[in-house]
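Below: the structure, in structure tokens.
We're numbering straight along the sequence, starting at 1. Heavy atoms only: backbone and side chains are in, while hydrogens, waters and symmetry mates are out.
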Amino acid sequence: MAVSEKNIVLVIKEKKSELAVTAFVAFVVLLMASFIMYYLEAEDQPDAFPNILAAFWWAIATLTTVGYGDVYPVTAMGKLLSGLIAVMGIGLVALPTGLISAGFMNKIERKKSGQICPHCGKKIDEHEK
């Protein structure tokens with residue numbers, strides 16, 4: 001494994017708990033959005049939102065900012081919720097990117113300060129053992 005590939009794996013391992021929390025929060029937001037959207041839109045659009053699973057698909061497409069356009073809200077509250085979910089989706093995509101970037105910056109700082117060997121990635125103290 002190349003040094004850069006090793007760094008990617010190490011950073012993801014270091015940040016796995018933060019990434020897991022982000023994934024859990026995204027899932028909870030998806031569930032809440034799908035339940036709320038179903039109750040807001042099902043009466044006005046029974047074909048578009050026939051059940052909560054269909055609303056879950058809408059929430060995934062909106063939260064990930066894919067927005068296929070095949071299903072969209074028509075009520076004022078549904079449109080408001082849709083806008084909020086789309087904005088939250090941008091943040092939920094940016095959050096893991098920021099976590100991983102911070103991990104890379106920490107790794108670079110540790111290498112610059114001499115705490116980590118640039119060749120093997122081990123602490124300098126471990127080489128002496």
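- Hydrophobic clustering keeps Val74 apart from Tyr38 (ILVMFWY residues linked when any side-chain heavy atoms are closer than 4.5 Å, directly or through intermediates).
- With rounding to the nearest 0.5 angstrom, the CD atom of Glu18 is 10.5 Å from the CD1 atom of Ile100.
- Annotation for Leu30 and Phe56: closest pair CB-CE1, 3.7 Å, computed over non-hydrogen atoms.
- Minimum interatomic distance between Leu95 and Thr22 (heavy atoms only, all atoms of both residues): CD2-OG1, 3.7 Å.
- In this structure the side chain of Phe104 reaches within 4.5 angstrom of the side chain of Ile8, judged on heavy atoms.
- Residues Leu53 and Leu40 do not share a hydrophobic cluster, clusters being chains of Ile/Leu/Val/Met/Phe/Trp/Tyr side chains in contact below 4.5 Å.
- In plain terms, the two heavy atoms of Leu81 and Ala33 that are nearest each other are CD2-O, 4.0 Å.
- Pairing each heavy atom of Trp58 with each of Val71, the nearest pair is CD1-O, 3.5 Å.
- Note: Ile36 CD1 to Leu31 CG = 10.5 Å, rounded to the nearest 0.5 Å.
- Legend: side chain to side chain donor-acceptor pair (under 3.5 Å) pairs involving residues 72-97, not counting sequence neighbours, sorted by first then second residue: Glu41-Thr75.
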Can you give the donor-acceptor pairs under 3.5 Å from side chains of residues 85-94 to other protein atoms, not counting sequence neighbours?
none

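- In this structure, Lys16 and Ile12 have side chains that are not in contact, with every pair of non-hydrogen atoms separated by 4.5 Å or more.
- In this structure, Val28 belongs to a hydrophobic cluster whose other members, linked by side-chain heavy atoms under 4.5 Å apart, are Phe24, Met32.
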